[in-house]
Amino acid sequence: LGLVLAGLLALLFAGPRQWPGAPQPALANSTFTVLTASTASVTVGQLVTFTAEVTCAPSGPFDLIPPSPTGTVTFRNTTTGAILGTASTVQQDWSTYAASLSATFTNDNVFGTVYSITATYNGSGSGCDPSTSPPVTVTANAANSNTYLLLQSADTGYIGIQPLFGIRVTGSGPVPTGSVALVDDTGSGPVVIASAPLDGGEADLRTPPLGPGTHQIRAVYYPSTFNYRSSQSGVHTIQVLKYPTEVTFTTFPTGPVGAGASTQIGVRLANPAGFGNVTAPRTGTVELKADGVTVATSTLTGAFVNGEVLFSVSLAEGTRSLTATYSGDDNFASSATSAARTLDVVPRIPTEVFFAGFPSSPMLQAPTTQFTIGVRSIGSGLPGRGGTLVLALNGTPVKTTTFDPSQVSGYASVLATLNNLPAGDHVLTATYSGDANYAGGSVSQNLTVRAPATGLAITTRNNIVVDGIATGST
């Protein structure tokens with residue numbers, strides 16, 4: 001019975017009988033391929049290692065040692081159809097062989113791109129069939145980028161400088177593409193002042209002409225794909241200076257001046273050496289100071305580029321230290337004279353102003369009225385007298401005389417002639433301006449002019465009286 005049973009089993013598992021000389025069929029050994037990934041989520045440029053394990057099954061119950069699944073495994077991105085690469089299998093244990101491949105991925109979606117990856121065992125001559133693994137997925141996300149800003153010119157200059165910057169953007173994956181911009185954080189907020197596309201991850205940018213002040217410049221990267229996130233560089237500080245102004249005295253007394261006298265002092269504003277090409281007009285104010293106290297101010301117009309500001313000032317007695325200061329404006333820095341100038345201010349010689357031959361008041365209206373105006377000072381060896389003498393009728397100047405110091409000294413007189421004074425009450429005032437040596441002065445006199453009467457009233461035998469005024473005798 002045992003022998004019969006053994007024979008039946010032998011027939012059952014022996015397979016179809018092969019007659020001598022008949023072709024022998026190839027043994028078919030099924031394979032199983034399993035794919036794993038080192039990570040399921042990566043950033044662009046990060047390596048993912050895929051491992052495919054291949055097992056070849058025995059061809060029958062008596063095939064105690066299965067064939068070795070030697071050969072190659074092809075890794076494929078089924079999302080894009082691209083082949084990632086092919087690797088040879090390497091024995092892991094007595095029945096399992098494995099192949100590994102590392103790859104990187106790009107991203108084309110703001111939320112990350114999901115890729116499906118399979119591994120296909122390509123079979124072997126030892127009888128192991130080809131097989132393909134179930135897919136595994138890998139999500140590729142945008143990577144961080146790095147933006148570097150290099151200043152290629154000076155960080156300090158005058159209004160209108162245009163600093164040159166070199167910009168470089170790097171990342172863990174492909175060369176970054178997109179554009180970069182220079183941003184100025186000066187003032188009320190960030191402002192894009194220049195931009196350019198990247199070329200090989202780099203760009204050179206020059207700013208537009210910069211205005212005065214401190215500029216905080218940084219570079220910002222704007223990617224053109226989802227491979228990288230935007231990034232920005234550190235900040236470079238650019239200091240832009242206003243143009244300088246050279247302030248000097250031009251017109252200045254050569255000797256002492258009289259206290260209270262009108263003294264002419266000129267201040268020149270000009271571009272220093274090296275700034276001759278600056279043509280911007282100056283605005284602002286120029287102040288003249290005596291002993292640190294402002295004694296005169298002049299406001300510049302928009303047409304003032306280089307030139308002299310002339311002051312007419314009256315100074316108190318003493319030794320005065322004079323300086324001039326320019327306030328500056330949007331284009332020019334404030335500045336002062338390089339050194340103070342000293343001016344001796346001495347007391348002036350008193351002057352008396354008087355009328356001589358002034359008509360009696362009231363007077364009858366006449367075609368002409370004449371009198372003398374005199375100015376005099378007491379002393380010997382007096383200097384020449386300059387200045388002006390002005391005669392005013394009821395506050396309105398009617399005659400002006402300028403004295404020549406080479407012709408006039410302590411005493412001077414002027415003949416005044418007034419024509420057709422109208423009837424009424426008048427005030428005549430003579431004012432002497434004074435000069436550097438002589439103090440000014442003035443005198444006033446009232447004069448009533450009456451119109452002729454229409455008739456004569458004889459009150460005495462020898463006198464003719466018109467409106468109570470004796471005009472002559474018969």
Does the plane of the ring in Tyr243 sit parallel, tilted or perpendicular to the ring in Phe275? Use 30° and 60° as the thresholds. perpendicular
Should Asp155 and Pro163 count as side-chain neighbours, where that means a heavy-atom distance under 4.5 Å? no
Does the Tyr121 side chain pair with the main chain of Cys128, one donor and one acceptor, at a distance under 3.5 Å? no
Are the side chains of Ser442 and Val353 in touch, meaning some heavy atoms are under 4.5 Å apart? no
Validate the cation-pi geometry between Arg385 and Tyr438: distance from NZ or CZ to the six-membered ring centre under 6.0 Å, angle to the ring axis within 45°. yes
Sequence neighbours left out, what passes salt bridge (Lys or Arg N to Asp or Glu O under 4.0 Å) with Lys242? Give chain and number order. none
dist Tyr158:OH -> Leu241:CG (nearest 0.5 Å) comes out at 5.5 Å
Qualifying residue, where the test is side-chain contact (heavy atoms from CB on, under 4.5 Å) with Thr297 and the options are Val286, Leu288, Thr325, Thr285: Thr285
For the pair Tyr432 and Phe403, name the ring-plane relationship: parallel under 30°, tilted 30 to 60°, perpendicular over 60°. tilted
For a 4.5 angstrom cut-off between non-hydrogen side-chain atoms, does Phe50 reach Val138? yes
Please say whether more than 12 non-hydrogen atoms of neighbouring residues, nucleotides or ligands are located less than 6.0 Å from CZ in Arg320. yes
For residues 306-316, please give each side-chain donor-acceptor pair under 3.5 Å, one per line with the distance, not counting sequence neighbours.
unit_1 : atom_1 : unit_2 : atom_2 : d
Asn306 : OD1    : Asn271 : N      : 3.2
Asn306 : OD1    : Arg282 : NH1    : 3.0
Glu308 : OE2    : Thr250 : OG1    : 2.2
Glu308 : OE2    : Thr251 : N      : 3.4
Glu308 : OE2    : Thr251 : OG1    : 3.0
Ser312 : OG     : Ser262 : OG     : 2.6
Ser312 : OG     : Gln264 : NE2    : 3.0
Ser314 : OG     : Gly260 : O      : 3.2
Ser314 : OG     : Ala261 : O      : 3.4

Is there side-chain contact between Thr72 and Ser124, with heavy atoms separated by less than 4.5 Å? no
For residues 199-208, tabulate all N or O donor-acceptor pairs below 3.5 Å that involve a side-chain atom, not counting sequence neighbours.
unit_1 : atom_1 : unit_2 : atom_2 : d
Arg206 : NH1    : Gln162 : O      : 2.9

Using only atom types and a distance under 3.5 Å, with no angle test, would you say the side chain of Thr118 pairs donor to acceptor with the backbone of Pro135? no
Decide yes or no for Phe252 and Leu322: does some side-chain heavy atom of the first lie under 4.5 Å from some side-chain heavy atom of the second? yes
Quick one, Phe165 and Leu182 - any side-chain contact, counting heavy atoms below 4.5 Å? yes
Is any side-chain heavy atom of Val44 less than 4.5 Å from a side-chain heavy atom of Phe105? no
Do the non-hydrogen side-chain atoms of Thr342 and Thr319 ever get within less than 4.5 Å of each other? yes
